[in-house]
Chemist: 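First, the structure itself, so that you have it in front of you.
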Amino acid sequence: MMEMDPIDELERIEIELLLEALYRHYGVDFRNYAFPVIRRRIWYRIQSERLRTVSGLQEKVLHDPLIFKRLTDDFSINVTELFRDPSFFITFRSKVVPLLRGLPSIRIWHAGCSTGEEAYSMAILLHEEGLLEKSRIYATDMNEEVIEEAKLESFTLDRLPKYARNYMLAGGKKLLNHYVTVSKARVDFQSFLGSKITFAQHNLAVDESFNEFHVIICRNVLIYFNSYLQNRVHELFHTSLSSSGILGLGHKESITFTGFTDCYREIEPNEKLYRKVK
């Protein structure tokens with residue numbers, strides 16, 4: 001990882017001006033992302049473009065859409081895998097699935113889904129629990145390119161051994177091969193899984209609620225936001241959850257110190273699963 005010098009006031013001003021310029025010129029809003037994260041990615045792009053200053057990058061970004069795209073791709077956090085953190089899915093099976101069985105239909109939102117592996121993980125889990133037929137999974141991300149990749153309903157062959165292990169550790173009831181087929185260098189999900197997933201572009205920083213959900217999963221995304229944006233997203237999730245709806249966060253995330261602490265009851269604190277109570 002690149003070593004960062006202590007920040008000075010001029011650099012902070014330059015970064016704030018760059019983010020403001022991105023918002024005003026392109027309509028993308030990174031102004032409330034966690035400052036250390038956004039700073040590292042800005043300097044990575046400065047070095048990649050062989051520039052010297054943040055202001056130099058701003059001049060290039062405003063006049064070259066290709067550099068703008070490369071910078072915003074740097075800002076997009078695309079880390080995911082099938083059944084990532086298997087213990088989360090074990091807990092979801094044991095603690096959340098019983099709460100969903102009585103519903104006539106189930107709507108689940110995976111926010112910040114990257115290339116969609118977590119949404120497919122949920123589809124497999126729901127299928128094994130006999131709930132997939134009455135479920136609709138909505139998977140969204142701010143990055144249009146990763147959404148298009150998710151729609152391919154496949155992943156590269158080199159990931160298969162890790163994904164198969166994750167599936168078994170997550171309490172899989174069969175073999176992962178039951179849900180995929182190998183085609184050349186890629187692995188395709190069975191079509192009945194993808195038929196229950198809707199992928200769409202959605203930016204948590206600026207976009208509003210688009211449905212009411214029984215479950216919202218947003219893991220390892222909020223850690224990249226500052227406190228203002230975290231509260232904004234929590235308000236969005238609270239508005240979007242049905243009565244007694246379920247919220248799932250990442251291991252390093254919490255509703256503590258937000259304005260919604262009293263709105264949820266912990267289902268499983270170690271896996272950051274909460275049930276809406278008001």
Side-chain angles (χ1 to χ4, degrees), residues 1-82 84-85 110-118 139-152 155-156 158-159 162 199 201-207 218-230 232-233 249-253:
M1 183 178 294
M2 179 179 60
E3 291 292 331
M4 297 294 293
D5 295 328
I7 190 168
D8 60 36
E9 187 60 25
L10 177 59
E11 183 192 355
R12 181 177 291 275
I13 291 170
E14 287 184 297
I15 290 174
E16 290 175 354
L17 288 173
L18 169 61
L19 299 180
E20 184 67 26
L22 291 175
Y23 176 67
R24 294 177 64 176
H25 187 61
Y26 290 105
V28 296
D29 194 353
F30 297 99
R31 295 172 298 175
N32 291 298
Y33 277 55
F35 194 83
V37 174
I38 217 76
R39 183 191 181 210
R40 284 195 298 271
R41 282 159 174 74
I42 287 172
W43 276 104
Y44 170 79
R45 183 48 46 197
I46 289 170
Q47 292 180 341
S48 297
E49 301 295 337
R50 298 183 179 181
L51 301 170
R52 297 180 59 190
T53 65
V54 179
S55 295
L57 178 63
Q58 177 178 315
E59 192 269 337
K60 291 286 188 181
V61 164
L62 290 178
H63 296 280
D64 190 336
L66 292 179
I67 296 180
F68 160 72
K69 184 182 183 307
R70 291 199 286 268
L71 177 62
T72 53
D73 284 347
D74 293 336
F75 290 165
S76 180
I77 312 301
N78 300 313
V79 180
T80 189
E81 59 189 43
L82 206 65
R84 184 184 184 190
D85 300 325
H110 283 275
C113 71
S114 187
T115 49
E117 280 89 335
E118 190 167 47
T140 65
D141 198 277
M142 60 166 272
N143 188 320
E144 185 177 8
E145 284 192 359
V146 300
I147 288 296
E148 291 304 312
E149 184 176 345
K151 291 178 181 178
L152 296 176
F155 56 88
T156 55
D158 61 298
R159 303 181 200 173
K162 175 66 179 296
F199 289 104
Q201 190 175 14
H202 182 278
N203 189 336
L204 292 172
V206 295
D207 293 332
C218 184
R219 301 168 66 226
N220 307 307
V221 175
L222 296 178
I223 55 175
Y224 299 106
F225 299 163
N226 67 15
S227 58
Y228 170 83
L229 187 50
Q230 287 179 13
R232 194 263 182 199
V233 174
L249 302 176
H251 283 158
K252 295 181 180 180
E253 298 163 337

Chemist: For the residue pair I67 and K60, what are the closest heavy atoms and their distance?
Modeler: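 Looking at all heavy atoms of both residues, the shortest contact is CD1-CB, 3.8 Å.
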Chemist: To the nearest 0.5 Å, what is the distance between CD (Q201) and CG (N143)?
Modeler: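 If we round to the nearest 0.5 Å, Q201:CD and N143:CG are 7.5 Å apart.
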Chemist: Which atom pair, heavy atoms only, marks the closest approach of E81 to E117?
Modeler: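 So the two residues come closest at C-CB, 3.5 Å.
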Chemist: Please check if the number of heavy atoms outside E20 that lie under 6.0 Å from its CD is greater than 12.
Modeler: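 Atom CD in E20 is packed in, count exceeds 12.
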Chemist: Within a strict 4.5 Å, meaning less than it, do heavy atoms of the W43 and V54 side chains meet?
Modeler: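 Yes; the side chains approach each other to less than 4.5 Å.
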Chemist: For F199 and G116, which heavy atoms make the closest approach, and how far apart are they?
Modeler: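 That would be CE2-CA, 3.8 Å.
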Chemist: Measuring from atom CG of L62 to atom CZ of R24, what distance do you get when rounded to the nearest 0.5 angstrom?
Modeler: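 Answer rounded to 0.5 Å: 10.5 Å.
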Chemist: Measuring from E14:CD to E9:CD, what's the distance to the nearest 0.5 Å?
Modeler: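 The CD atom of E9 is 11.0 Å from CD of E14, to the nearest 0.5 Å.
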Chemist: Looking at CG of L57 and CZ of R52, how far apart are the two atoms once the value is rounded to the nearest 0.5 Å?
Modeler: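 That separation rounds to 14.5 Å.
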Chemist: Rounded at 0.5 Å granularity, tell me how far CD1 in I13 sits from CG in L18.
Modeler: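 Answer for the CD1-CG pair, I13 versus L18, is 13.5 Å.
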Chemist: Whether the side chain of E253 engages the backbone of I223 through a donor-acceptor N/O pair (distance < 3.5 Å, no angle test) should be reported.
Modeler: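 Yes; at least one donor-acceptor contact below 3.5 Å.
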Chemist: Between Y228 and R31, does a side-chain contact (heavy atoms from CB on, under 4.5 Å) hold up when you go through it step by step?
Modeler: CA-CA 10 Å; Y228 170 83; R31 295 172 298 175; over 6 Å; no
Chemist: Just wondering, do C218 and L204 contact through their side chains at under 4.5 Å, heavy atoms?
Modeler: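 Of all side-chain heavy-atom pairs linking C218 with L204, at least one is under 4.5 Å.
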Chemist: Within the structure provided, determine whether R12 and F35 are in side-chain contact (heavy-atom separation under 4.5 Å).
Modeler: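 Yes, their side chains come closer than 4.5 Å.
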Chemist: Testing V28, V37, I42 one by one against F75 for a side chain to side chain contact (heavy atoms under 4.5 Å, CB included), which residue passes?
Modeler: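 Single side chain to side chain contact (heavy atoms under 4.5 Å, CB included) partner of F75 among V28, V37, I42: I42.
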Chemist: Keeping the roles fixed (side chain from Q230, backbone from F225), state whether a donor-acceptor pair exists under 3.5 Å.
Modeler: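 Yes, Q230 side chain to F225 backbone: donor-acceptor pair under 3.5 Å.
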Chemist: Where do Y26 and V61 come nearest, in terms of heavy atoms and distance?
Modeler: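 Looks like OH-O, 2.7 Å.
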Chemist: Looking at side-chain heavy atoms only, is the closest gap between T140 and D207 below 4.5 Å?
Modeler: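 With C-beta onward as the side chain, the pair stays apart.
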Chemist: Which distance, rounded to the nearest 0.5 Å, do you find between the CZ of R219 and the CG of D85?
Modeler: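 Atom-to-atom, R219:CZ and D85:CG are 4.5 Å apart.
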Chemist: Kindly write out the residues that satisfy side-chain contact (heavy atoms from CB on, under 4.5 Å) with V206, not counting sequence neighbours, or none if the list is empty.
Modeler: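 V206 satisfies side-chain contact (heavy atoms from CB on, under 4.5 Å) with D29, N203 only.
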Chemist: Before you tell me yes or no, could you show the steps for R84 and N220 under side-chain contact (heavy atoms from CB on, under 4.5 Å), namely the whole-Å CA-CA distance, both residues' side-chain angles and the distance that decides it to 0.1 Å?
Modeler: CA-CA 11 Å; R84 184 184 184 190; N220 307 307; 3.6 Å; yes
Chemist: Given the rule in the side-chain contact (heavy atoms from CB on, under 4.5 Å) test, do V146 and C113 qualify, once you have shown the distances and angles that lead to the verdict?
Modeler: CA-CA 9 Å; V146 300; C113 71; over 6 Å; no
Chemist: Can you check side-chain contact (heavy atoms from CB on, under 4.5 Å) on S76 and D141, steps first, answer last?
Modeler: CA-CA 9 Å; S76 180; D141 198 277; 4.2 Å; yes
Chemist: Who are the salt bridge (charged side-chain N to carboxylate O under 4.0 Å, His left out) partners of E49, not counting sequence neighbours?
Modeler: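 Residues passing salt bridge (charged side-chain N to carboxylate O under 4.0 Å, His left out) with E49: R45, R70.
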Chemist: Show the nearest heavy-atom pair for residues L71 and R41, with the distance to one decimal.
Modeler: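 Looks like CD1-O, 4.4 Å.
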Chemist: Which pair of non-hydrogen atoms, one from T156 and one from D158, has the smallest distance, and what is that distance?
Modeler: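 Looking at all heavy atoms of both residues, the closest pair is OG1-OD1, 2.7 Å.
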Chemist: Tell me whether the count of non-hydrogen atoms from other residues, nucleotides or ligands lying under 6.0 Å of OH in Y23 goes above 12.
Modeler: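 Not buried by this count: 12 neighbours or fewer within 6.0 Å.
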